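First the structure, in the form of structure tokens, and then the observations on it.
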Amino acid sequence: MSVRTRFAPSPTGFLHIGGARTALYNWLYARHHGGQFILRVEDTDAERSTTESMQIILDGLEWLGLDWDEGPGVGGDRGPYNQSERVAIYDRYLSRLEEAGLVYEDEGAIRFRVPDKEFTVHDEVCGDVTTNLKAAGSRRYDAELKKEVEANPDFVIKRPNGGYIFHFVNVVDDIEMGITHVIRGEDHLSNTPKHLALFEAFGVEPPVFAHIPLNLNPSGTKMSKRDQGALIHEYRESGFLADAVNNYMALLGWSGKEDQDVFSMEELIGKFDLSGITKSNSKFDFEKCKWVNAEHLKQLSPAALLEASRPFLEKAGLPVDDDRIPAALELARDRVQLLSEIPAIIETIFVDLPTYDPSSVEKVKSREGAAEAVSALREGLEQVEDWSDDAIKAGIVAGAESLGVKMGALMFPCRVGVMGSTSGADLVPVLSLLGKEVVLRRLSGFSEML
RNA sequence: GACCCGUUCGUCUAGCGGUUAGGACUCCGCCCUUUCACGGCGGCAACACGGGUUCGAGUCCCGUACGGGUCGCCA
């Protein structure tokens with residue numbers, strides 16, 4: 001039987017890293033086994049579900065490249081894929097329970113009669129977990145009273161307003177959609193016995209369960225929207241590559257067992273399996289996430305780097321179609337972690353005048369003979385005929401010799417004079433991209449500042 | 001409060017009875033170098049605690065502590 005996994009988000013907010021990671025694991029598992037990945041929208045709570053949220057989630061999955069074989073926008077023969085449109089199916093399943101005498105009404109709500117027996121979740125990650133719902137659900141904790149109170153273990157599956165409840169629709173849809181493997185957050189582990197009870201009531205063999213540990217923020221508590229790195233759309237905006245985010249999410253809670261941290265999507269598909277899923281919760285580390293991104297940046301083809309950088313170049317007002325952009329990007333790719341950092345590295349090549357960093361200029365001024373160095377430099381460069389890297393270097397050497405100093409003594413004022421700062425991309429390639437005329441002009445202007 | 005899951009460097013993890021406890025991020029040092037990076041080399045740094053079992057325990061068992069989760073007519 002073919003593997004069928006699903007991601008079943010509730011459209012009540014943003015696409016969160018926890019949800020995205022769940023989606024990724026389901027996607028990887030399906031792709032690894034050549035099965036299907038299904039997207040199902042759990043929008044039974046009409047009060048909280050919004051189309052805006054749905055769009056954000058769809059956009060996020062699309063950006064990550066987690067394509068679904070069945071679901072919204074794609075279709076499929078087990079649809080519809082929005083639970084709000086599946087009421088007729090739920091009604092049919094409910095009547096089966098009614099006929100079996102397994103449900104009853106309680107103040108307008110419908111409750112499922114929980115059998116007095118033990119259910120064992122055979123979890124691929126957590127092992128066997130056994131619970132008696134009748135016993136476990138006979139008391140509940142009242143958060144306000146801060147104590148346990150009597151409770152009805154028979155859980156509600158349909159609200160008085162007619163809306164169906166998560167546990168019920170989740171199970172019905174997993175049956176109807178032929179889901180074979182349920183990979184979800186560990187917060188659902190305690191719910192699973194309820195689901196097993198429903199599967200049994202419908203006489204259906206339950207799917208394989210794998211409850212994955214949770215991602216926490218650096219302080220060890222639940223990630224919230226406010227935590228850095230929590231929301232998927234922010235990754236795109238701050239200059240992450242989708243595959244790098246996938247790579248990092250895969251690492252948070254899964255290990256390929258070998259000493260490898262950087263994975264392409266193909267490698268992840270090839271290596272992902274449930275046995276590699278970690279048992280304990282993990283804390284999010286933004287620094288490592290950025291490092292993974294930098295590694296992916298280094299491996300990008302020139303064309304892909306240009307495409308990925310485009311929005312950030314445009315935002316910075318840089319001429320994306322300029323012939324020198326590809327070369328400039330190569331100067332930047334090894335020194336940044338995020339795409340958003342690229343413009344600052346290369347913009348000096350494309351502006352009229354560099355932005356002079358005051359402290360850098362001050363450093364040049366404080367050196368003995370700074371003005372002489374710049375004019376010697378200028379003279380040396382003026383002699384350069386063909387404006388190639390080697391010729392430029394030779395020009396600088398010539399300038400240095402005329403002063404009786406080493407080449408390095410001129411590189412520093414040259415960098416500040418032309419690029420405006422002591423830090424930045426490699427000097428000679430930048431000079432080359434700028435062109436002789438611009439370089440000489442900038443050096444003249446810089447002389448006047450000294 | 002009850003029940004469930006978990007616990008290896010600060011963080012992500014490898015380890016599945018005998019290891020100098022390995023790798024990665026971070027941090028620090030050195031090298032490379034025209035700056036900053038990149039890269040290379042090296043360093044700091046961990047088996048929560050207490051009992052067992054065993055010739056031998058990070059690895060198996062039981063407690064304790066700590067962390068997380070669940071206990072909705074949210075999902």
Side-chain angles (χ1 to χ4, degrees), chain A residues 8-12 42-45 47-49 83 106-111 121 123 125-127 129-132 135-143 145-149 151 153 155-161 163-167 169-170 184-193 211 213-214 216 218 220-222 248 251-262 276 278-292 294-295 298 331-337 345 360 363 393 396 406-416 419 421-428:
Chain A
S10 181
T12 56
E42 305 224 332
D43 56 352
T44 55
D45 187 349
E47 315 257 306
R48 300 200 307 145
S49 301
Q83 290 185 330
D106 178 21
E107 296 180 3
I110 306 287
R111 284 186 187 270
V121 185
D123 194 272
V125 177
C126 307
V129 180
T130 302
T131 314
N132 183 319
S138 64
R139 303 177 69 77
R140 59 167 250 269
Y141 186 67
D142 189 306
L145 298 174
K146 290 194 170 178
K147 63 171 191 177
E148 290 193 330
V149 296
F155 56 91
V156 171
I157 60 174
K158 190 178 186 184
R159 304 183 183 90
N161 72 6
Y164 285 98
I165 296 293
F166 164 71
H167 304 296
V169 294
N170 195 267
R184 53 172 29 163
E186 199 188 87
D187 47 339
H188 285 296
L189 182 58
S190 301
N191 288 146
T192 308
H211 287 91
L214 272 20
L216 308 174
T221 57
K222 212 169 182 177
Y248 182 67
L251 251 32
L252 269 183
W254 172 83
S255 163
K257 306 294 184 193
E258 286 154 23
D259 293 336
Q260 182 179 353
D261 288 290
V262 182
T278 310
K279 294 187 189 338
S280 55
N281 292 348
S282 53
K283 289 178 190 161
F284 186 82
D285 182 357
F286 200 65
E287 287 306 316
K288 181 142 187 183
C289 187
K290 285 196 292 188
W291 175 82
V292 171
E295 293 302 305
K298 284 172 194 158
L331 295 179
R333 82 193 296 166
D334 277 356
R335 41 209 329 133
V336 300
Q337 292 190 304
I345 304 281
S360 298
K363 272 182 202 160
K393 227 174 254 182
I396 297 172
K406 282 193 289 185
M407 179 187 179
L410 290 196
M411 295 302 274
F412 180 72
C414 184
R415 164 176 294 281
V416 176
M419 296 171 66
S421 169
T422 54
S423 70
D426 286 345
L427 179 58
V428 173

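Reminder, nothing fancy here: chain letters follow the sequence lines and each chain counts from 1. None of these values were measured; they are calculated from a predicted model.
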Practice task
Taking atom C1' in both B/rA75 and B/rG69, compute the distance separating them and give it to the nearest angstrom.
Solution key: 15 Å
Problem - Separation of B/rU34 C1' from A/F412 CZ (nearest whole Å) - result: 10 Å
Problem - Euclidean distance, atom CD of residue A/E107 to atom P of B/rG72 [Å, nearest integer] - result: 15 Å
Problem - Residue-phosphate contact under 4.0 Å: A/K257 side-chain N/O, B/rC16 OP1/OP2 - result: no
Handout entry: Euclidean distance for C1', B/rG22 against B/rG15 (whole angstrom)
Key = 8 Å
Exercise for the section: Side-chain contact test, heavy atoms from C-beta onward, threshold under 4.5 Å: evaluate it for A/R111 versus A/K158 and give yes or no. Expected result: no
Problem - Candidate nucleotides B/rU34, B/rC74, B/rC5, ranked by approach to the side chain of A/I165 - the nearest - result: B/rC74
Problem - Carboxylate-amine/guanidinium contact A/K283 A/D285, below 4.0 Å - result: no
Practice task
State whether A/S280 places a side-chain N or O below 4.0 Å from either non-bridging phosphate oxygen (OP1 or OP2) of B/rG68.
Solution key: no
Handout entry: Face-to-face stacking of A/Y141 with B/rA2, centres under 5.5 angstrom, angle under 30°
Key = no
Problem - Watson-Crick or G-U wobble mate for B/rA14, both contacts under 3.5 Å - result: none
Completion exercise
Among the nucleotides B/rG69, B/rA75, B/rU11, whichever has the atom closest to the side chain of A/H188 is B/rA75
Practice task
Among the candidates B/rA75, B/rG1, B/rU70, find the nucleotide nearest to the side-chain atoms of A/E148.
Solution key: B/rG1
Handout entry: Complement of B/rU70, any strand, by Watson-Crick or G-U distances under 3.5 angstrom
Key = B/rA2
Fill in the blank from the handout: Regarding the side chain of A/K298, the nearest nucleotide among B/rC38, B/rC12, B/rU26 is B/rC38
Problem - Nearest listed nucleotide, side chain of A/V156, among B/rU35, B/rC38, B/rC73 - result: B/rC73
Completion exercise
As its Watson-Crick or G-U partner within any shown strand, both distances under 3.5 Å, B/rA57 has none
Completion exercise
For B/rC30, the nucleotide meeting Watson-Crick or G-U wobble distances (both under 3.5 Å) is B/rG40
Fill in the blank from the handout: A/E287 has its side chain closest, among B/rG23, B/rU26, B/rU70, to B/rU26
Exercise for the section: Check whether any side-chain nitrogen or oxygen of A/S190 sits under 4.0 Å from OP1 or OP2 of B/rC71, and answer yes or no. Expected result: no
Handout entry: N-O pairing of A/D43 and A/R48 below 4.0 Å
Key = no
Exercise for the section: Verify whether the ring centers belonging to A/Y248 and A/F284 lie closer than 6.0 Å. Expected result: yes
Handout entry: Length of the NZ-C1' vector between A/K279 and B/rG15, whole Å
Key = 13 Å
Exercise for the section: Provide the Watson-Crick or G-U wobble partner of B/rU64, both distances under 3.5 Å; none if there is no partner. Expected result: B/rA48
Problem - base_contact_polar (B/rA75 base, A/N191 side chain, donor-acceptor, <3.5 Å) - result: yes
Handout entry: Mate of B/rA21 where both pairing distances stay under 3.5 Å, Watson-Crick or G-U
Key = none
Problem - Closest-nucleotide 5' rank along RNA chain B - winner of A/N281 and A/R139 - result: A/N281
Practice task
Return the value, rounded to whole Å, for the distance between atom CZ of A/F286 and atom P of B/rC12.
Solution key: 17 Å
Exercise for the section: With the side chain of A/D426 defined as its heavy atoms from C-beta on, choose the nearest nucleotide among B/rC73, B/rU35, B/rC38. Expected result: B/rU35
Practice task
Ignoring the backbone of A/D187, work out which of B/rG69, B/rC12, B/rC71 is nearest its side chain.
Solution key: B/rG69
Exercise for the section: Describe the nucleic acid contact of A/S423 in one word from base, sugar-phosphate, nothing, applying a heavy-atom distance below 4.0 Å. Expected result: base
Practice task
Could you check if a side-chain atom of A/F286 sits within less than 4.5 angstrom of a side-chain atom of A/K290, using non-hydrogen atoms only?
Solution key: yes
Handout entry: Same-atom distance (C1') from B/rA57 to B/rU19, integer angstrom
Key = 13 Å
Practice task
State whether A/K283 places a side-chain N or O below 4.0 Å from either non-bridging phosphate oxygen (OP1 or OP2) of B/rU11.
Solution key: yes
Exercise for the section: Could you tell me the separation between the CG atom of A/D123 and the P atom of B/rU70, rounded to a whole number of Å? Expected result: 16 Å
Practice task
Find the distance A/Y248:OH to B/rU13:C1' and express it as a whole number of Å.
Solution key: 11 Å
Problem - Atom pair SG (A/C126) and CG (A/L189), whose distance is rounded to the nearest 0.5 Å - result: 5.0 Å
Practice task
Would you classify A/D334 as touching base, sugar-phosphate or nothing, given that sugar-phosphate means primed atoms plus P, OP1 and OP2, and contacts are heavy atoms under 4.0 Å?
Solution key: sugar-phosphate
Practice task
Consider the side chain of A/E42, meaning its heavy atoms from C-beta on, and name the nucleotide among B/rU34, B/rU13, B/rA75 that approaches it most closely.
Solution key: B/rA75
Exercise for the section: Between A/V428 and A/Q260, name the one whose nearest nucleotide on RNA chain B is closer to the 5' end. Expected result: A/Q260
Practice task
Classify the nucleic acid contact of A/T44 as base, sugar-phosphate or nothing, counting any heavy atom under 4.0 Å across all strands shown.
Solution key: sugar-phosphate
Completion exercise
Shortest non-hydrogen pair, A/L427 vs A/M411, comes out as CD2-O, 3.5 Å
Exercise for the section: Grab the CD-C1' distance between A/E186 and B/rA75 for me, whole Å please. Expected result: 17 Å
Problem - Nearest-angstrom distance from the residue atom NZ of A/K288 to P of B/rG23 - result: 13 Å
Practice task
Looking at every strand, decide which applies to A/R48 at a 4.0 Å heavy-atom threshold: base, sugar-phosphate, or nothing.
Solution key: base
Handout entry: Under-4.0 Å side-chain N/O to phosphate OP1/OP2 contact, A/R159 with B/rA75
Key = yes
Handout entry: Given B/rU34, B/rA14, B/rC73, the nucleotide with the shortest approach to the side chain of A/P160
Key = B/rC73
Practice task
With rounding to the nearest 0.5 Å, note down the distance linking NE2 in A/H211 to OG1 in A/T192.
Solution key: 3.0 Å
